[in-house]
Protein chains: 2
Amino acid sequence: MTIPLPGAQVRGSKTGKPIMALLDLLGRTWALGIIWNLHSGPATFRELQQRCEKISPTLLNTRLKELKKLKLIESQQAGYQLSPQGIDLFEIISPLGDWSSQWAKILKEESKS
Amino acid sequence: MTIPLPGAQVRGSKTGKPIMALLDLLGRTWALGIIWNLHSGPATFRELQQRCEKISPTLLNTRLKELKKLKLIESQQAGYQLSPQGIDLFEIISPLGDWSSQWAKILKEESKS
DNA sequence: CAAAATTGCTACAAATAATGTAGCATAATT
DNA sequence: AATTATGCTACATTATTTGTAGCAATTTTG
């Protein structure tokens, strides 16, 4: 799978509009999860592997390369961490945490009736 | 692929924490794209197919079923549309539009140097 | 400082998911 | 009543993900 560089053709789109590139990227297995799990601080490869409960090393490495190329994460001696842009992105999606709890509650309610 | 009901085991997680269910869902090809493309109003199946530039009917239908089951969209005679919850979710992610443009700009800059 | 343990990651085959095209059964339009 | 459009399903091909094993390069330990 080629890395969804905005401007280039991406999966699911011919235009390559930035939002399409982003949606392609985030729509890949574990991409969101990695960003989510990195927000609590830098992590080594194996540490990150554990934070993401069930990711295979193959895929983890693939995603890390993509995210690095797209400047959402960077690797230092402390391990992998969100880049300033990655933090920015995380801040946008961070309300999903609370939202998902609400959502779970509602789904639960409705399944009762 | 089973539908990621919060509380149940989902792909990539044993806990089924709501956020994991959500990340599983949103990490599926085109899930985010469908939500994104529905925010501009209800659409029939074929209309939606066109808004999502390159989705196959098979996958579109699969995702629609999941999203419907998870109460993020609903179908009326006007076609498919975001549910109140779906709208809520969209509002969280809607800044991604602008963010992605910024991001594209930065990536472009850096690729020059 | 040599042996043992840990880390970051690759190889590769098996399993799963997505694509693309064709097409069918309604339902709406002419 | 014939034509067209719609909402999908079938199904074979192709692409992605998983899972396990393991290796080279540190780092830790005795």
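Below, each value reflects all heavy atoms present in this structure, side chains not excepted, and no hydrogens, waters or symmetry copies. Just so we're on the same page: letters track the sequence lines, and every chain starts at 1.
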- Message: Using five base pairs at each end to define the local axes, how bent is the helix from C:dC1-D:dG30 to C:dT30-D:dA1, to the nearest 10°?
- Response: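 Both end axes considered, the difference amounts to 30°.
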[X] vs [Y] side-chain heavy atoms within contact, under 4.5 Å:
| X | Y | answer |
| --- | --- | --- |
| A:Y80 | A:K68 | yes |
| A:Q49 | A:P57 | yes |
| A:L82 | A:H39 | yes |

Under the 3.5 angstrom rule, does the side chain of [X] hit a backbone N or O of [Y] as a donor-acceptor pair?
| X | Y | result |
| --- | --- | --- |
| A:D24 | A:R11 | yes |
| A:S83 | A:K71 | yes |
| B:R51 | B:N37 | yes |
| A:R63 | A:G33 | no |

- Query: OG1/A:T2 to CD/A:E66 distance, rounded to the nearest 0.5 angstrom?
  - Reply: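 Output value for this atom pair is 9.0 Å.
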- Message: Within the supplied structure, the quantity of interest is the number of heavy atoms (other residues, nucleotides, ligands) at a distance under 6.0 Å from A:K54 NZ; does it exceed 12?
- Response: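 Buried by this count: over 12 neighbours within 6.0 Å.
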- Residues from residues 35-52 of chain A sitting under 4.0 Å of DNA chain C, heavy atoms only?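 The stretch gives A:T44, A:F45, A:R46 as the residues lying under 4.0 Å from the strand, ordered by number.
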- Query: Going by number, which of residues 56-81 of chain B have a non-hydrogen atom under 4.0 Å from DNA chain C?
  - Reply: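 B:S56, B:P57, B:T58, B:L59, B:R63, in order of number.
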- Between C:dG20 (C1') and A:R11 (CZ): distance, integer Å: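 Between C1' of C:dG20 and CZ of A:R11: 16 Å.
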- Message: From CG of B:L25 over to P of C:dA17, roughly how many Å is that when rounded to an integer?
- Response: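 So the two atoms are 14 Å apart, to the nearest Å.
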- Does the pair B:N61 and B:K65 meet the rule for a side chain to side chain contact (heavy atoms under 4.5 Å, CB included), with working shown? CA-CA 6 Å; B:N61 192 239; B:K65 273 182 197 155; 3.4 Å; yes
Please output the side-chain donor-acceptor pairs of residues 100-108 of chain B that fall under 3.5 Å, not counting sequence neighbours, one pair per line with the distance.
from   : atom 1 : to    : atom 2 : distance (Å)
B:S100 : OG     : A:I19 : N      : 3.4
B:S100 : OG     : B:L96 : O      : 3.1
B:S100 : OG     : B:G97 : O      : 2.8
B:S101 : OG     : B:G97 : O      : 3.4
B:W103 : NE1    : A:L70 : O      : 3.1

- Task: May I have all residue pairs that pass salt bridge (charged side-chain N to carboxylate O under 4.0 Å, His left out) and include part of residues 81-94 of chain B, sequence neighbours excluded?
- Result: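 Counting only pairs at least two positions apart or across chains, no salt bridge (charged side-chain N to carboxylate O under 4.0 Å, His left out) contact touches residues 81-94 of chain B.
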- Out of B:L64, B:L60, B:L59, which residue meets the side chain to side chain contact (heavy atoms under 4.5 Å, CB included) rule with B:W30?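 Considering B:L64, B:L60, B:L59, a side chain to side chain contact (heavy atoms under 4.5 Å, CB included) with B:W30 is found only for B:L59.
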- Start and end of chain B contact along DNA chain D [non-hydrogen atoms, under 4.0 Å]: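 Nucleotide range in contact with chain B: D:dT6 to D:dC11.
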